[in-house]
There are 2 protein chains.
Amino acid sequence: MTTAKRDTYTPETLLTVAVRVFNERGYDGTSMEHLSKAAGISKSSIYHHVSGKEELLQRAVSRALDELFAILDEEHARAGRSVDRLEHVVRRMVEVLIAELPYVTLLLRVRGNTATERWALERRRDFDHRVAELLKAAAADGDVRGDIEVRLATRLVFGMINSIVEWYRPEARGASGREVADAVTRLVLAGLRQA
Amino acid sequence: MTTAKRDTYTPETLLTVAVRVFNERGYDGTSMEHLSKAAGISKSSIYHHVSGKEELLQRAVSRALDELFAILDEEHARAGRSVDRLEHVVRRMVEVLIAELPYVTLLLRVRGNTATERWALERRRDFDHRVAELLKAAAADGDVRGDIEVRLATRLVFGMINSIVEWYRPEARGASGREVADAVTRLVLAGLRQA
DNA sequence: AGAGTAACCGAACGATCGGTCGGGACAAGG
DNA sequence: CCTTGTCCCGACCGATCGTTCGGTTACTCT
């Protein structure tokens with residue numbers, strides 16, 4: 001029983017199209033008409049696969065959040081010196097962000113207009129706090145410079161990492177995911193580590 | 001002839017309200033009904049002051065762009081060693097971003113759905129290129145590390161700076177504008193400068 | 001007081017929004 | 001062959017979109 005169906009849409013394949021359009025036009029700027037044009041099926045047919053526009057958003061941001069939270073469960077993020085665990089998390093965040101680029105992009109742009117968006121914002125805050133605690137622990141160990149506030153540094157580092165979604169394009173072979181992860185890790189840790 | 005009118009709206013004061021709402025709900029997610037509620041006047045009254053929704057966006061992003069471009073004309077951005085001019089521009093970008101927070105926030109979120117948005121994106125790209133050339137010159141002087149591509153570093157630095165709009169709130173006395181500018185400049189330059 | 005005008009309003013415009021509905025095309029299984 | 005269920009469609013729903021319009025209020029100037 002292999003998946004030998006006709007080339008028809010599933011909720012997953014439809015999501016791929018929807019997320020692309022959401023990122024191009026913004027979630028609010030995307031109508032179901034836009035989605036139907038991009039998917040090549042009628043507007044009403046979309047409702048055969050998903051309950052509506054918001055379910056597509058929910059599926060997309062959930063996927064991104066799950067991948068990000070999974071980083072914190074990895075071995076190198078749980079054991080070892082705090083500053084090294086932080087380095088691992090930073091590197092993996094960049095890698096996940098690039099591997100799941102459209103989904104993370106959408107996640108980082110939600111504004112909180114609907115219940116789904118507010119739920120996503122809340123989970124994002126949870127994740128941020130977990131990483132902030134890592135940086136705080138590294139500071140307590142004396143492994144990062146003391147002349148920049150931990151809270152401020154966390155936000156700036158997140159800002160740099162998250163900004164990748166604004167310019168990274170996998171098709172344009174400017175820099176591979178690994179190269180970007182290297183550069184970010186080097187730049188951030190060089191700026192943070194105790195001289 | 002001082003401006004001793006009644007407390008009535010002008011295009012400028014209306015813009016202040018509109019930009020606030022745009023940032024809360026997103027431009028596409030904001031209806032003229034939302035604006036009228038926030039401004040305390042009727043929907044149709046808004047059209048007495050401005051030609052429509054898009055003019056408000058145009059005024060806002062123009063203001064942000066003008067302030068940013070003005071940085072490049074400042075003396076410290078035009079004379080001296082490239083790496084020092086870069087440091088000055090980075091610091092001033094943070095300061096302008098904080099001083100004109102709502103306007104720059106809106107600018108950084110345009111997606112390109114309308115002609116106005118596409119024009120804003122183009123001017124932003126111009127600004128980015130100007131700063132990238134500064135970093136390139138500093139690299140040619142041997143003042144910044146050579147193991148990170150200039151193009152990549154530019155984008156990451158812009159990412160860190162621009163991310164400030166996502167969390168900085170002037171009313172919450174967490175860190176003053178100057179403190180943030182200090183931290184960013186230190187973090188960025190420590191990561192960039194040749195060891 | 002009267003004229004002029006800036007500021008504002010409620011009602012309504014056509015267009016588009018997200019979503020619903022009844023039914024048709026088509027492949028699979030008997 | 002006929003049923004069954006998946007997949008899809010055009011037509012349409014009430015609501016809301018950005019915008020327009022005719023008209024009223026309220027302030028300024030003479």
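A note on names: the letters A, B, ... follow the listed sequences, proteins ahead of strands, and every chain is numbered from 1.
- No donor-acceptor contact under 3.5 angstrom links the side chains of A/T116 and A/T114, judged on distance only.
- Protein atom OH of A/Y9 is 19 Å distant from nucleotide atom P of C/dC26, rounded to whole Å.
- Using a 4.0 Å cut-off, no side-chain N or O of B/T8 falls inside it from OP1 or OP2 of C/dA6.
- Separating the CD1 atom of B/I41 from the C1' atom of C/dG10 is a distance of 14 Å, rounded to the nearest angstrom.
- Contact between the side-chain N/O atoms of B/H48 and the OP1/OP2 oxygens of C/dA7 is found at a separation under 4.0 Å.
- Remark: B/E95 engages B/R92 in a salt bridge, criterion side-chain N to carboxylate O under 4.0 Å.
- Within a 6.0 Å sphere centred on CZ of A/R130, other residues, nucleotides and ligands contribute 12 heavy atoms or fewer.
- With sequence neighbours left out, B/R124 forms a salt bridge (charged side-chain N to carboxylate O under 4.0 Å, His left out) with no residue at all.
- Side-chain atoms of B/S45 and B/H48 include no donor-acceptor pair closer than 3.5 Å.
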task = Produce a footprint string for nucleotides 11-24 of chain C: one letter per nucleotide, 5' end first; B if the base is under 4.0 Å from any protein heavy atom, S if only the sugar-phosphate is, - if neither.
result = -B----SBBBB---

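- A salt bridge links A/E87 to A/R193: at least one charged side-chain nitrogen sits closer than 4.0 Å to a carboxylate oxygen.
- In this model, the phosphate group of D/dC8 is approached by a side-chain N or O of A/H49 to a distance below 4.0 Å at OP1 or OP2.
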